[in-house]
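Down below is the structure, laid out as structure tokens.
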Amino acid sequence: MDKNTIVGFVLIAAVLFGFNWFTRPSEEEIAAQRKQDSISAVVKEKEEIKRIEAETKKKEAIKSASEDSTSLFFSALKGQDNNIVLENSKLTLTLSTKGGTVTKAVIKDFKNKEGKQGVVLFDKNDQQLNFILPAKDVNIATKDLYFTPSDVTKNSVTFTAAADSGKTLVLKYSLNEDYLLSCSLQAKGMSGLFNPNMSQMDINWREQARQQEKGFTFENRYATLTYHFADGGTDYLSETSEKIDEAIEEKTSSSLPL
């Protein structure tokens, strides 16, 4: 190593040392940064405490509701989560007595992206369906109830959640010979629990759509959401907007059979 090389390394080291020396924060800046870090840590700790408290209150509220013997559907808040399977030549549908809704759907006569027979549209880990009836005192949510199955056949079942004084909530499912599953919801003996002008109920359906094609980009580009009217006709839903479709509201608004 010659003299020039050594001098060059010394100069580089000097420049780096000088840069670090002149750009290092002052004692005031270090103190301010420590103060800011302390404040951030306190804020983060408070937010975590609030989150834990909120979760605790939520769990306590759920526990209280399940232990409240005065609750309308107290007897239906506990039970066993059993499966009922409806089937035809094209579909296999699994329904759960907890919530009384479809938890798995399999199309038989198609192959999935791995080449295996049967395409799973969704299972209970992918989606949740909840019917909500807005009563005077408290809303009735089907996802919280355990239903008793009856009249079970290969392609139909009746789910009943019993309340006090003979009040019941009945879900009936019927699978036709194609891909259509018919569902009816009936509240019996409960007319006094709802507002007289109530003519609608809420349906909360959350689903994480599965990738069904090998080509994700192609599927993502051309996949869309549609809905079908009971009296015929199909229309599209927006994949990016939550704008209320007035046509849906008009056609789905109907009186509940009480």
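Every value quoted in this text rests on a predicted model; they were computed, and no experiment measured them. All heavy atoms count here, side chains included; hydrogens, waters and symmetry mates do not.
- When all heavy atoms of Ala105 and Leu93 are compared, the pair lying nearest together is CB-CD2, 3.6 Å.
- Side-chain contact check for Asp202 versus Leu133: every heavy-atom pair is 4.5 Å or farther apart.
- For Glu47, the side chain to side chain contact (heavy atoms under 4.5 Å, CB included) partners are Val43, not counting sequence neighbours.
- In this structure, the salt bridge (Lys or Arg N to Asp or Glu O under 4.0 Å) partners of Asp123, at least two apart in sequence or on a different chain, are Arg210.
- The line from CG of Leu91 to CG of Asn155 is 11.5 Å long, rounded to the nearest 0.5 Å.
- Considering only residues two or more places apart in sequence or on other chains, Glu45 meets the side chain to side chain donor-acceptor pair (under 3.5 Å) condition with none of them.
- Identified under the salt bridge (Lys or Arg N to Asp or Glu O under 4.0 Å) test for residues 85-96, with sequence neighbours left out: Glu87-Lys108, Lys90-Asp109.
- In summary, the side chains of Gln128 and Trp205 do not present any donor paired with an acceptor at a separation below 3.5 Å, with no hydrogens or angles considered.
- In this structure, Val85 is not a member of the same hydrophobic cluster as Leu181, with clusters built from ILVMFWY side-chain heavy atoms closer than 4.5 Å.
- Ile203 is connected to Leu185 through a chain of hydrophobic side-chain contacts under 4.5 Å among Ile, Leu, Val, Met, Phe, Trp and Tyr, so both are in one cluster.
- With sequence neighbours left out, the salt bridge (Lys or Arg N to Asp or Glu O under 4.0 Å) criterion links Arg206 to no other residue.
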### Task
For Leu169 and Thr160, run side-chain contact (heavy atoms from CB on, under 4.5 Å): C-alpha distance rounded to whole Å, both residues' side-chain angles, the deciding distance at 0.1 Å, then the answer.
CA-CA 6 Å; Leu169 199 62; Thr160 303; over 6 Å; no
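- For Asn204, the side chain to side chain donor-acceptor pair (under 3.5 Å) test picks out no residue, with sequence neighbours left out.
- Put simply, CZ on Phe122 and CG on Leu129 are 8.0 Å apart, with the number rounded to the nearest 0.5 Å.
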What side-chain donor-acceptor pairs closer than 3.5 Å can you find for residues 170-178, not counting sequence neighbours?
from, atom 1, to, atom 2, distance (Å)
Tyr173, OH, Gly100, O, 2.6
Asn176, OD1, Asp178, N, 2.8
Asn176, OD1, Leu180, N, 3.2

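- A side-chain hydrogen bond (donor to acceptor under 3.5 Å, both in side chains) check over residues 94-104, counting only residues at least two apart or in different chains, returns the pairs Asp81-Ser96.
- Surrounding NZ of Lys167 are more than 12 heavy atoms belonging to other residues, nucleotides or ligands, all under 6.0 Å away.
- Contacts of Ser89 classified as side chain to side chain donor-acceptor pair (under 3.5 Å), with partners at least two apart in sequence or in another chain: none.
- The hydrophobic cluster around Val120 extends to Val106, counting ILVMFWY residues whose side-chain heavy atoms fall within less than 4.5 Å of a member.
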Counting only pairs under 3.5 Å, give me each side-chain donor-acceptor contact of residues 140-150, with atom names and distances, residues two or more places apart or in other chains.
from, atom 1, to, atom 2, distance (Å)
Thr142, OG1, Asn130, OD1, 3.3
Thr142, OG1, Phe131, N, 3.0
Thr142, OG1, Phe131, O, 3.4

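- Residues forming a side chain to side chain donor-acceptor pair (under 3.5 Å) with Ser184 (at least two apart in sequence, or on another chain): none.
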